[in-house]
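What's counted below: heavy atoms across the whole structure, side chains too, no hydrogens, waters or symmetry copies. Remember, predicted model here, so these are calculated numbers, not experimental data. We count ligands from 1, going down the list as the structure has it; atoms in each ligand are counted the same way.
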Amino acid sequence: MNTMKNSSKTKLTVTVDVEILKGAKKVSGEKRIPLSRAIENFLKFFAKPEVYCFKCGEKFSVDEAELCPKCGWMICPNCKACRCGLSEETAIAVFHMRRVYEELLAGRVKG
Ligand SMILES: [Zn+2]
Ligand SMILES: [Zn+2]
């Protein structure tokens with residue numbers, strides 16, 4: 001599989017909810033982003049999710065991150081941060097933000 005090169009294009013036929021497609025086309029028109037590019041971006045994220053570290057802000061691939069055996073969160077490969085170093089309040093905030101990814105990916109980000 002060649003994931004680095006994106007030069008070849010293929011046609012994708014999918015069946016989606018009419019209202020969802022209507023809403024997506026409206027936004028893609030407003031933002032001047034072709035729907036195919038928006039879908040491509042999502043599929044890229046879906047296949048290889050990348051997140052930003054809540055502490056140092058570095059982007060890392062979920063696939064490459066290790067899970068902390070203590071807290072069960074992904075450990076940032078750059079600064080080694082996980083939930084263990086967070087206060088309860090911050091941990092809750094991060095947890096809720098992470099739910100956005102999980103709903104997008106229809107499951108847990110990792111673990
Ligand atoms: Zn970090
Ligand atoms: Zn931890």
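- Within the 4.5 Å cutoff, the side chain of Val62 has no heavy atoms near those of the Glu50 side chain.
- Taking the side chain as every heavy atom from C-beta outward, Glu40 and Lys9 approach each other to under 4.5 Å.
- Ring pair Phe45/Tyr101 is tilted by interplanar angle, where 30° to 60° counts as tilted.
- Counting only protein atoms, the N, O or S atoms lying less than 2.8 Å from the Zn ion (ligand 1) are Cys53 SG, Cys56 SG, Cys76 SG, Cys79 SG, ordered by chain and residue number.
- Side-chain contact between Ser61 and Pro49 is absent, with no heavy atoms from C-beta onward closer than 4.5 Å.
- The angle Cys71:SG - the Zn ion (ligand 2) - Cys84:SG amounts to 110°, with values rounded to 10 degrees.
- In summary, Lys22 and Glu19 engage in a salt bridge, as defined by a charged side-chain N under 4.0 Å from a carboxylate O.
- A salt bridge links Lys48 and Glu64; the closest N-O separation between the charged side-chain nitrogens and carboxylate oxygens is under 4.0 Å.
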